[in-house]
Amino acid sequence: MRITNLNPETDIGASAWHVNLEGHGLLMDSGMHPKREGRAGLPVFKTIADQEVDAIAVSHCHHDHVGSLPVALRHFPKAHVLLPEQSYFIIERVLHNSVNVMTRQRDELGIKEYPLYTHDEVDEIAPVFQGFRYNREIEWASFAKTRAGFSSPTLEFFDAGHTLGSAGILLRGRKETLFYTGDVCFHDQTILRAARFEDVKADVLIMETTRGNRATPKGFTREREIERLTAAIQRALKRKGSVLIPSFALGRTQEILALLALLMREGRLKEQPIYIGGLGRVFTEIYDLEAHRTHRQHTGMQLHEEHNLIVLDPGQVEKMKLSGRIFVLTSGMMSENTAAHDLAVRMMEDPRQSIFFVGYADPETPGGRLKASKPGETFVFSPGIGRVTHRCDVQDFDLTAHANRDDLLDFVGQVSPRAVLLGHGDDSARHWFEDQIRTRHPKIKIIQPQPGKTVEV
Ligand SMILES: [Zn+2]
Ligand SMILES: [Zn+2]
């Protein structure tokens, strides 16, 4: 089979993989690079311009995996889009939100190419989305080809435990198989249970490496991390300050809401409203609606009933009183023109206020720069705001929705592939995996495919 890495950059970047399996073309994910501006953030579609794409399979609805889907469909208008059924309810919301964000960036940052697609275009492509259950074999090749005597490859979604509707994808051809992890979590989170990849074996493995450069500290447990966060929130509220937890709207927000609900049930946190964003509310509703069809904990927990959720209107963040409130707001990396960014600016220089990170923030984003700053330090937060002084309480809690590197390494052993392709990670993360796999499994071929490069495996 032939595999092309379409990520325009060598970092986590935009996920998009083209696979040619026995004459059939499949695109897995079509993300957008979160740090590159304009068209430079798109996958390098031109390198597969002469290839066919019968179908596009989506691992999950984070922006770095689906953000360029409407553009991909312009290149491959005949492709169907296959996704896990829960993602089917999410994807259009994500894409419409992208149009809004890009439009705002055009107006405020002057990026003329934005938006790269329109609301109308998102509406027009909606009919090609098809939702499927996990662990069903789906035929995805074009009908014309299979009728002409070609084989009929299948794909199957495996629950990846990363966000609602997240999946690893197993491709089966007549002779060969491939497994793509997407973003995967091998431990239980507060709502979602761990990935169910137990039966997966494949000839070729494409694997995420997000946490390859992060060792698990001795004695670390998720429970202890939650205890530490709980104590920090209690202290913050006691001194009449507010708490901001910057979170992605899909996944992270609902995990934090569930955690806060449990703390309130146990009486460890006083019942009080939680302020969230509009998109966070929409996905919270979908988490509630899909509760009975999700492999999760606390299946009876409806986040809307547990909490008094208040949706912040744009601009409201500038005026609110900041005493004793809890905010769970996008974006997780505090990108400019988001509620989390604007609220952080207000909180930053007030020692009573607290900002608690619970997920990954790229070092080159406002959130990443705040995380890296020391108390009392003056630093450039974002181009729009410029320099600020870090005087509030900033802490980082490791409640990741990505697999720890040792679990991923064990997974390589389980899948026992002929070749493994390393993606979705920084250089140092991919190199750690390369070294470890070479030592543990000397027979496995290890490939770090460069942007736009095709490899034959
Ligand atoms: Zn993700
Ligand atoms: Zn990702």
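Start at 1 and go down the list; that is how both ligands and their atoms are numbered.
- The Zn ion (ligand 1) forms the vertex of an angle spanning NE2 of H60 and ND1 of H62; to the nearest 10 degrees it equals 90°.
- Between F411 and F197, the ring planes are tilted. Angles from 30° to 60° get that label.
- As for D64, its N/O/S atom nearest the Zn ion (ligand 2) is the one called OD2.
- Contact annotation: H65 places an N, O or S atom under 2.8 Å from the Zn ion (ligand 2).
- Centred on the Zn ion (ligand 1), the OD2 atom of D183 and the NE2 atom of H162 lie at an angle of 100°, reported to 10°.
- The heavy-atom pair separating V311 from Q316 by the smallest distance is O-OE1, 4.1 Å.
- Inclusion of H424 in the first shell of the Zn ion (ligand 2) is supported: an N, O or S atom falls under 2.8 Å.
- Using cut-offs of 30° and 60° for the angle between ring planes, the F179 and F158 rings count as perpendicular.
- Between F76 and F45, the ring planes are perpendicular. Angles over 60° get that label, and only those under 30° would be called parallel.
- The Zn ion (ligand 2) has no N, O or S atom of E208 under 2.8 Å away, backbone or side chain.
- Side-chain atoms of Q254 and T284 form a donor-acceptor pair, as typed in the model, at a separation below 3.5 Å.
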